[in-house]
Student: 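Below is a structure I'd like to ask you about.
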Amino acid sequence: QVQLVESGGGLVQAGGSLRLSCAASGRTFSIYVMGWFRQVPGKEREFVGGMWWKGSSTLYSDSVKGRFTISGDNAKNIVYLQMNSLKPEDTAVYYCAADPRWPISKSPGQYDYWGQGTQVTVSP
């Protein structure tokens, strides 16, 4: 099993920045991909981005490409989501997820482990 705990959410004005963290514990050696998703009430969970945990390859959704960056610290088992130039439409609950398979998938169903989520609210 893998446990994931997100932190770093909050309220920010449009144009501002936030950095989310996701700490992984347990069988972290089994992780191949770490992903970030977001969800607003009434909508499906949306892929934000992902990275190959054992390397540096990343994949982003078109809606965040150029504004968000995923990075990881394997020694600490932490993955980060740096969010810049935030927009009100980025408001959502953000989740990190772990997948013991490759390649990076945009489908939430591919991921076996999930954190509890952290709220990000961007005011106009």
Side-chain angles (χ1 to χ4, degrees):
Q1 293 290 326
V2 173
Q3 294 77 43
L4 304 172
V5 178
E6 301 99 335
S7 61
L11 174 65
V12 64
Q13 287 188 329
S17 299
L18 277 177
R19 188 178 78 161
L20 305 183
S21 301
C22 175
S25 61
R27 297 171 60 90
T28 56
F29 60 86
S30 67
I31 299 173
Y32 272 72
V33 170
M34 292 293 293
W36 285 96
F37 290 78
R38 63 188 182 186
Q39 190 169 24
V40 298
K43 292 191 175 182
E44 294 185 353
R45 195 162 292 189
E46 175 192 16
F47 175 78
V48 173
M51 72 173 294
W52 180 31
W53 190 234
K54 301 182 185 299
S56 60
S57 296
T58 55
L59 177 68
Y60 298 95
S61 69
D62 289 343
S63 61
V64 307
K65 195 177 298 182
R67 299 188 297 123
F68 291 11
T69 303
I70 296 175
S71 61
D73 185 334
N74 284 19
K76 297 182 179 179
N77 289 323
I78 298 177
V79 63
Y80 302 99
L81 178 65
Q82 177 67 43
M83 305 185 294
N84 299 328
S85 302
L86 282 161
K87 305 174 182 179
E89 51 264 44
D90 294 318
T91 295
V93 176
Y94 282 71
Y95 299 89
C96 70
D99 182 1
R101 291 166 292 269
W102 171 260
I104 301 171
S105 173
K106 295 183 178 181
S107 171
Q110 181 72 11
Y111 293 76
D112 289 0
Y113 307 104
W114 292 86
Q116 80 288 354
T118 185
Q119 176 71 46
V120 171
T121 303
V122 184
S123 63

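As a basis for the values below, the full set of heavy atoms in this structure was taken, side chains included, without hydrogen atoms, waters or symmetry mates. Model, not experiment: these values are computed from the prediction. Along the sequence shown, residues are numbered consecutively beginning with 1.
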Student: Going by the angle between their ring planes, with limits at 30° and 60°, are Y94 and F68 parallel, tilted or perpendicular?
Tutor: tilted

Student: Please collect all salt bridge (Lys or Arg N to Asp or Glu O under 4.0 Å) contacts where either partner lies in residues 6-32, sequence neighbours excluded, each pair once.
Tutor: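 Listed by first then second residue: nothing to list.
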
Student: Report yes if the side chains of V120 and D90 come closer than 4.5 Å at any heavy-atom pair, otherwise no.
Tutor: no

Student: Might you point out which heavy atoms bring P88 and P124 nearest each other, and give the distance in Å?
Tutor: CG-CA, 4.0 Å

Student: Using 0.5 Å steps for rounding, measure from the CE atom of M34 to the CD1 atom of I78.
Tutor: 10.5 Å

Student: Can you tell me how far the CG atom of L86 sits from the OG1 atom of T121, to the nearest 0.5 Å?
Tutor: 11.0 Å

Student: Heavy-atom count check: over 12 atoms from other residues, nucleotides or ligands less than 6.0 Å from E89 CD?
Tutor: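 Enclosed: over 12 neighbouring heavy atoms sit under 6.0 Å from CD of E89.
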
Student: Side chain to side chain contact (heavy atoms under 4.5 Å, CB included) with S25: which residues, sequence neighbours excluded?
Tutor: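 Side chain to side chain contact (heavy atoms under 4.5 Å, CB included) list for S25, sorted by chain: Q3.
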
Student: Less than 4.5 Å apart, any side-chain heavy atom of L59 and any of F47?
Tutor: yes

Student: Just so I know, are the side chains of T91 and Q119 near enough to count as touching, which here means a heavy-atom distance under 4.5 Å?
Tutor: yes

Student: On a heavy-atom basis, which atom in W36 and which in Y80 lie closest, and how many Å separate them?
Tutor: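 That closest heavy-atom pairing would be NE1-O, 3.8 Å.
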
Student: How far does OG of S85 sit from CZ of R67, to the nearest 0.5 angstrom?
Tutor: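 If I round to the nearest 0.5 Å, the distance is 7.0 Å.
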
Student: Quick check on the hydrophobic clustering: are V48 and I31 connected, directly or via other members, by side-chain heavy-atom contacts under 4.5 Å?
Tutor: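 Shared cluster, yes.
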
Student: Less than 4.5 Å apart, side chain to side chain, heavy atoms only: is that true for L20 and M83?
Tutor: yes

Student: So, S105 and S107: side-chain donor and acceptor under 3.5 Å apart, yes or no?
Tutor: no

Student: Output all residues satisfying side chain to side chain contact (heavy atoms under 4.5 Å, CB included) with D99, sequence neighbours left out; order by chain, then residue number.
Tutor: V33, R101, Q110, Y111

Student: Find the distance between CG (N77) and OG1 (T28) and round it off to the nearest 0.5 Å.
Tutor: 4.0 Å

Student: How close do V79 and W53 get, heavy atom to heavy atom, and via which atoms?
Tutor: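 Shortest heavy-atom contact: CB-CZ3, 3.9 Å.
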
Student: Would you call the rings of W102 and W52 parallel, tilted or perpendicular, where under 30° means parallel and over 60° means perpendicular?
Tutor: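 If you compare the ring of W102 with that of W52, the planes turn out tilted.
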
Student: Strictly distance-based, threshold 3.5 Å: is any side-chain N or O of S30 a donor or acceptor partner for the main-chain N or O of P100?
Tutor: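 A pair under 3.5 Å: no.
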
Student: Locate the shortest heavy-atom distance separating A24 from L4; write the atom from each residue and the value.
Tutor: CB-CD2, 3.6 Å

Student: Please, which pairs that meet disulfide (SG to SG under 2.5 Å) have at least one residue in residues 17-117, sequence neighbours excluded?
Tutor: C22-C96

Student: Between V93 and V64, is there a shared hydrophobic cluster once you connect ILVMFWY residues whose side-chain heavy atoms come closer than 4.5 Å?
Tutor: no

Student: Which salt bridge (Lys or Arg N to Asp or Glu O under 4.0 Å) pairs, counting each pair once, include a residue from residues 44-57, with sequence neighbours left out?
Tutor: R38-E46

Student: Taking side chain to side chain contact (heavy atoms under 4.5 Å, CB included) as the definition, give me every residue that meets it alongside K43, ordered by chain and number, with sequence neighbours left out.
Tutor: V40

Student: Provide the closest heavy-atom pair for K106 versus F37 in the form atom of the first, atom of the second, distance.
Tutor: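 Distance-wise, the nearest heavy atoms are O-CE2, 3.6 Å.
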
Student: Quick one: does S17's side chain get under 4.5 Å of Q82's, heavy atoms only?
Tutor: yes

Student: Please round to the nearest 0.5 Å and tell me the distance separating atom CD1 of I70 and atom CE of M51.
Tutor: 7.5 Å

